[in-house]
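A short worksheet on the structure shown next.
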Amino acid sequence: MTTISKGANTSLPDAVGRVLVRLGWSGGVDLDASALLLTASGKVRNDEDFVFYNQPRSVDGSVTHQGKSGTLDSLQVDLAALPAEIETVAIAASTDGTPIGQATGLYLTVSDAAGPELVRFDITDATSETAFVFGELYRRQGAWKFRAVGQGWSSGLAGLATDYGISVDDDPAPAAAAQAPAAAPAAASIDMNKAVRLDKQLASAPPQMVNLVKKAGISLEKKGLGEHRARVALCLDISGSMNQLYKSGKVQELCERVLGMAVQFDDDGACDVFTFGTGGYDEGPLDLRNYQGWINQLLQRRRLEGGTNYNHAMQAVRRHYFPDGDGGQRNSPRPDKLPVYVMFVTDGQTTDQAGTKHQVEWSSFEPLFWQFMAIGQSSRNVDAGSAPPSKKKKGGFSARLASMMTGDFQFLEELDDMPGRFIDNADFFSVADPAHLSDEQLYDLMMNEYPSWLKLAQAQGLLPA
């Protein structure tokens, strides 16, 4: 590992494709790491080139905010996947107004995502700044280098954002804004007024999608969650028994409906999609720019598989949002600023019940809520008058196996009521056919237990009160 000082730079090995940038400190302040994707002009292309905890992924997925664990905040940069016009990724951080100079043991490291630490930069000269650029990953003649910067702004995130070309909306009450502390306008501009944000995001969206977003908003308002923010994920079963649902377009329709909720919830207007069959896979974001035909594109790169394993998908979700735990065992609370809402869709039972129970138990220590939706028949069907999709079954063992895998969701009912968790973090309903649910019904079902979980998560310190 190379240790460098302010103003120095060093080359990264040519073989490195992805790097993990960690900002650490021992105490004194609470820092939030961020990244800015910059062109040759030293500016962002648009506001979406700013990656932070409320917008945790760049549009192309090349830069992701990995989440904070205590006094360590991390970002991952896929150097090979960065667009050609992006020449620099600036690594920054900000506070809630506390001077960064009060931080003790402040440092930044760059590691090979699949290997050892490559560079370390210890920051010792921060003073009154409330936003700081710690270093830059930059491209020179086709190779990547890292530069230790150490430049700050006492005007907070607003000053940093403005200098790098991010639009900062003024507070609607100018007189009040003028009297506010320097860091306050930054919070208002980055979070943005929700109505303004939705207007921007939906400006070119088809009417059908606009209507879905509005219906999702009505459901949230009924639950008192009109201004609530969360990260949204969708887990899709890609076992072979789902084939007809994919072919009929019903899975695509369901994706669009879940995206409607994600746009309401998530400032980046995206839903992270994961799939599972015999394995579990991170498929990247579904958003307003790529949702049309998204399932067809998925099926072109991902074959339906011969098994159903919830555990693998749940591991992938937890690893994505809380990488410090790597999707494994957790026995103590792991707080975060934003919750994760997961819509989990399957038409069959898992082959690994013990592993799935562990995932539900361990994730109860994280601000993560599982909304299980089964397609088939159970005692909790919400359209009991409708027949389940017909499935041809052979006799003997094959018939019993098919019945176990597709016709009975007792295990999911048990997960919903499972004892031994830190807090109750799951809900379950089943439907014979997702097309039988109106948009309003679906959104109300998605919000059935989530508001009560939020209160529990806040009471137990998993989320800010």
Side-chain angles (χ1 to χ4, degrees), residues 18 20-23 32-35 51-58 61-70 72-78 113 228-236 258-259 261-263 265-276 280-287 310-345 355-356 358-372 421-423 425-427 446 450 453-454 456-458 460-464:
R18 288 183 300 163
L20 190 62
V21 182
R22 294 185 177 96
L23 178 65
D32 292 307
S34 56
V51 176
F52 67 121
Y53 65 86
N54 268 355
Q55 188 166 279
R57 183 190 292 259
S58 62
S62 59
V63 181
T64 55
H65 181 253
Q66 298 288 289
K68 185 189 297 184
S69 177
L72 187 69
D73 206 355
S74 305
L75 297 145
Q76 182 170 276
V77 182
D78 189 341
H228 178 65
R229 294 199 313 276
R231 294 166 287 184
V232 179
L234 173 62
C235 282
L236 291 175
V258 174
L259 177 59
M261 182 66 77
V263 172
F265 261 166
D266 201 329
D267 281 357
D268 69 359
C271 173
D272 298 310
V273 183
F274 302 81
T275 57
F276 61 97
Y281 313 100
D282 185 340
E283 306 291 357
L286 171 74
D287 58 37
Y310 303 168
N311 180 19
H312 291 162
M314 298 171 86
Q315 267 190 318
V317 170
R318 294 180 58 226
R319 186 180 297 117
H320 178 86
Y321 292 108
F322 309 109
D324 56 295
D326 199 32
Q329 184 173 1
R330 197 183 291 280
N331 298 310
S332 60
R334 197 287 195 192
D336 210 320
K337 291 187 175 181
L338 287 176
V340 179
Y341 177 96
V342 185
M343 186 70 174
F344 196 102
V345 181
T356 301
H358 283 316
Q359 288 297 324
V360 174
E361 177 188 349
W362 297 338
S363 65
S364 71
F365 291 97
E366 299 162 346
L368 188 153
F369 180 81
W370 304 99
Q371 178 61 67
F372 293 102
R421 290 173 287 172
F422 182 60
I423 59 172
N425 61 338
D427 187 29
M446 289 174 67
Y450 180 70
W453 171 83
L454 273 176
L456 282 173
Q458 291 168 341
Q460 296 298 323
L462 293 178
L463 290 167

Does a side-chain heavy-atom distance below 4.5 Å link Phe274 with Val342? no

Are more than 12 heavy atoms, taken from residues, nucleotides or ligands other than Arg421, located less than 6.0 Å from that residue's CZ atom? yes

Can a donor-acceptor pair be found, under 3.5 Å and without considering hydrogens, that links the side chain of Ser74 to the backbone of Gln66? no

Can you find a heavy atom in the side chain of Arg231 that is under 4.5 Å from one in the side chain of Tyr321? yes

Of Asp266, Leu259, Asp272, which meets side-chain contact (heavy atoms from CB on, under 4.5 Å) against Pro285? Asp272

Answer whether the closest heavy-atom distance between the side chains of His358 and Gln329 falls below 4.5 Å. no

For Gly325, is there any backbone N or O sitting under 3.5 Å from a side-chain donor or acceptor partner on Arg318? no

Report the C-alpha distance between Asp282 and Arg319 in whole Å, list the side-chain angles of each, state the deciding distance to 0.1 Å, and finish with yes or no for salt bridge (charged side-chain N to carboxylate O under 4.0 Å, His left out). CA-CA 10 Å; Asp282 185 340; Arg319 186 180 297 117; over 6 Å; no

Residues Asp324 and Arg330 bridged, charged N to O under 4.0 Å: yes

Under 4.5 Å between any side-chain heavy atoms of Leu462 and Phe422, yes or no? yes

Can you check whether Trp453 reaches Asn425 side chain to side chain, under 4.5 Å on heavy atoms? yes

At what distance, to the nearest 0.5 angstrom, does CH2 of Trp370 lie from OG1 of Thr356? 9.5 Å

Do the non-hydrogen side-chain atoms of Val258 and Val345 ever get within less than 4.5 Å of each other? no

Are any side-chain N or O atoms of Gln359 and backbone N or O atoms of Gly327, one a donor and one an acceptor, separated by less than 3.5 Å? yes

Are the side chains of Arg334 and Phe365 in contact, using a 4.5 Å heavy-atom criterion? no

Give, for atom CE of Met446 and atom OH of Tyr341, the distance between the pair rounded to the nearest 0.5 Å. 4.0 Å

